[in-house]
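Predicted model, so just to flag it, every value in this text is computed and none were measured. Hydrogens, waters and symmetry mates are skipped; everything else that's a heavy atom, side chains included, is used. So that the names make sense, note that chain A is the first sequence line, chain B the second, and so on, each numbered from 1.
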Protein chains: 2
Amino acid sequence: MTADGQGAERTARPRRADARRNQRTLLDAAAAVFVRSGVDAPVRDIAAEAGVGTGTVYRHFPTRADLVVAVYRHQIEACAEAGPALLESCPTPYEALGRWVDLFADFLVTKHGLAAVLNSDDPGFQALHASFLDRLAPVCGRLLAAAEEAGEIGPGLEAYTLMRGVGNLCVGAESDDRYDARRMVRLLVAGLRQPR
Amino acid sequence: MTADGQGAERTARPRRADARRNQRTLLDAAAAVFVRSGVDAPVRDIAAEAGVGTGTVYRHFPTRADLVVAVYRHQIEACAEAGPALLESCPTPYEALGRWVDLFADFLVTKHGLAAVLNSDDPGFQALHASFLDRLAPVCGRLLAAAEEAGEIGPGLEAYTLMRGVGNLCVGAESDDRYDARRMVRLLVAGLRQPR
DNA sequence: TTGCAAAGCGGAACGTTGTTCCGTATGTTT
DNA sequence: AAACATACGGAACAACGTTCCGCTTTGCAA
């Protein structure tokens, strides 16, 4: 395995109190900077905002991607939990799928540049890539399977592919008002429907 | 206008013979390096391949994006000319649109990282962005309008939006074999169809 | 309370990018 | 052939992610 303990103790609480404090500070600072300057903001900016050195950032988050994952962890979780809930509350699986995809797209679109970095093939973002997709793909997969069983959509579409597609459609959405990412996502989902 | 003579004399022939020779060499070198290392290849690599200094690259192509545009100019042109042709040869405008989109997607997918750079919001790539879309959007627009008039698709979709959507779907297509960009593009086009 | 290893910190330093600058070389023109 | 504009090379700059290491702080043990 190339990933050493990646999923195991990514946000293990540091032993010392000051370190724990810094980790919190860093997360808050990163969240603030991400909102202000986008997810691509320089690590130095985040360190400055938190009032620490760059080394400290890297002590807590081995790579920029880990920081991004940590900041958005809660929202990823919320998105994951929304899947089963929608499946129950919606009249048809296809509608649940559609709503869930909207949720996912909204999440990506509102974070400047998140989608771009999610779909980047830069090896440095593998962790991010994995964390997002590993958590959400099964959720999406269940929605997909349900809709498929109900005969509402065609067979054989991988959750991974759909999520990457949606993620891609959201790239650059908020920095270009001539491009309507949500509309494209709706179109994609519409294309899913298979009258059989 | 912020763009000074961008469309006017982008590839104006240099006065001196060695300069003209170098421009050719550079285009060839860039094409080779793009194939080998993708469109994101460092300018230094291209300069090295061509056997010139980096300054020379920038003398001929003010920015990396201009070089990319120059290299793919022919294919953009071909894609642009295919539009009207398809409109004539296809039984229905919608089918012409679908085929044209496939063409466009194929073009993007086969060039490593082209799509990513096309849809980047990095200001440095405005030139590229503009050259691609300014040339192709009218073509796409005509196909869209024809399909719309024929009642095959819903109204009010901008060519720009569709092209960015397709471009986005193609990001990272060739560096991730679990992701099937062409399939997503097909889905998007399918979603376009409006039974009305 | 005091001492002392371990844990953590800051920011200089490194490697890689795109891009600019300028002294030098080379066509072109008269 | 001399003079001049044009073009060249590559060093130099700025911005980035990341690493490294000497110093500081902390928490535990005596």
Regarding A:Ala48, tell me which of base, sugar-phosphate or nothing describes its non-hydrogen contacts under 4.0 Å with the strands shown.
nothing

If you pin B:Val43 and B:Arg20 to their nearest nucleotides in DNA chain C, which one's is more 5'?
B:Val43

What's the OH-P distance between A:Tyr58 and C:dG11, to the nearest Å?
16 Å

For the backbone of A:Thr63 and the side chain of A:Asp66, can you confirm whether one donor and one acceptor N or O come within less than 3.5 Å of each other?
yes

Has A:His60 got a side-chain N or O lying under 4.0 Å from the OP1 or OP2 atom of C:dG8?
no

Which nucleotide, D:dT18, D:dC8, C:dT17, lies nearest any side-chain atom of B:Thr56?
D:dC8

What pairs of donor and acceptor atoms, side-chain ones from residues 165-176 of chain B against any protein atom, are under 3.5 angstrom apart with sequence neighbours left out?
{"residue": "B:Asn168", "atom": "OD1", "partner": "B:Asn119", "partner atom": "ND2", "Å": "3.3"}
{"residue": "B:Asn168", "atom": "ND2", "partner": "A:Asn168", "partner atom": "O", "Å": "3.3"}
{"residue": "B:Asn168", "atom": "ND2", "partner": "A:Val171", "partner atom": "O", "Å": "3.2"}
{"residue": "B:Asn168", "atom": "ND2", "partner": "A:Tyr179", "partner atom": "OH", "Å": "3.4"}
{"residue": "B:Glu174", "atom": "OE2", "partner": "B:Gly113", "partner atom": "N", "Å": "3.4"}
{"residue": "B:Ser175", "atom": "OG", "partner": "A:Asp121", "partner atom": "OD2", "Å": "3.2"}
{"residue": "B:Ser175", "atom": "OG", "partner": "B:Gly172", "partner atom": "O", "Å": "3.4"}
{"residue": "B:Asp176", "atom": "OD1", "partner": "B:Arg178", "partner atom": "N", "Å": "2.9"}
{"residue": "B:Asp176", "atom": "OD2", "partner": "A:Tyr160", "partner atom": "OH", "Å": "2.3"}
{"residue": "B:Asp176", "atom": "OD2", "partner": "A:Arg164", "partner atom": "NH1", "Å": "2.8"}

How long is the line joining CG of B:Asn22 and C1' of C:dA25, in whole Å?
13 Å

The nucleotide from D:dG17, C:dC22, D:dG27 with an atom nearest the side chain of B:Arg59 is C:dC22

Look at the rings of B:Phe104 and B:Phe107 and say which category their plane angle falls in: under 30° parallel, 30 to 60° tilted, over 60° perpendicular.
tilted

Among D:dT26, D:dC16, C:dT28, the one nearest any side-chain atom of A:Pro42 is D:dC16

Determine, for B:Arg73 against B:Glu77, whether the closest basic-nitrogen to carboxylate-oxygen distance falls under 4.0 angstrom.
no

Nearest-angstrom distance from the residue atom CD of A:Gln23 to P of C:dG8:
10 Å

Report yes or no: does B:Trp100 contribute a side-chain atom to a donor-acceptor pair with the main-chain N or O of B:Pro84 at less than 3.5 Å?
no

In whole angstrom, give the distance that lies between atom CG of B:Asp66 and atom P of C:dT19.
9 Å

Among the candidates D:dA7, C:dT19, D:dT18, find the nucleotide nearest to the side-chain atoms of A:Thr63.
D:dT18

On DNA chain C, compare the nucleotides closest to B:Asp40 and B:Arg15; which residue's is nearer the 5' end?
B:Asp40

Of the listed D:dT18, C:dC9, C:dG10, the closest approach to the A:Ala19 side chain comes from C:dC9

Any donor-acceptor pair under 3.5 Å joining the side chain of B:Arg44 to the base of C:dG18?
yes

Considering only heavy side-chain atoms of A:Thr54, the closest of D:dC16, D:dT19, C:dC22 is D:dT19

Looking at B:Arg15, I'd like to know if its CZ atom is crowded, meaning that more than 12 non-hydrogen atoms belonging to other residues, nucleotides or ligands lie closer than 6.0 Å.
no

So for B:Arg64 and C:dT19, does any side-chain atom that can act as donor or acceptor lie under 3.5 Å from a complementary atom in the base?
no

Looking across every strand, which nucleic acid part, if any, lies under 4.0 Å from B:Ala47 by heavy atom: base, sugar-phosphate, or nothing?
nothing

In whole Å, what is the span from the CG atom of A:Asp18 to the P atom of C:dG8?
7 Å

Integer-rounded Å distance: D:dT24 C1' and A:Arg21 CZ
14 Å

Rounded to whole Å, the CZ-P distance (B:Phe61 to C:dG18) equals 15 Å

Across the strands shown, which category fits A:Arg16 at heavy-atom distances under 4.0 angstrom: base, sugar-phosphate, nothing?
base

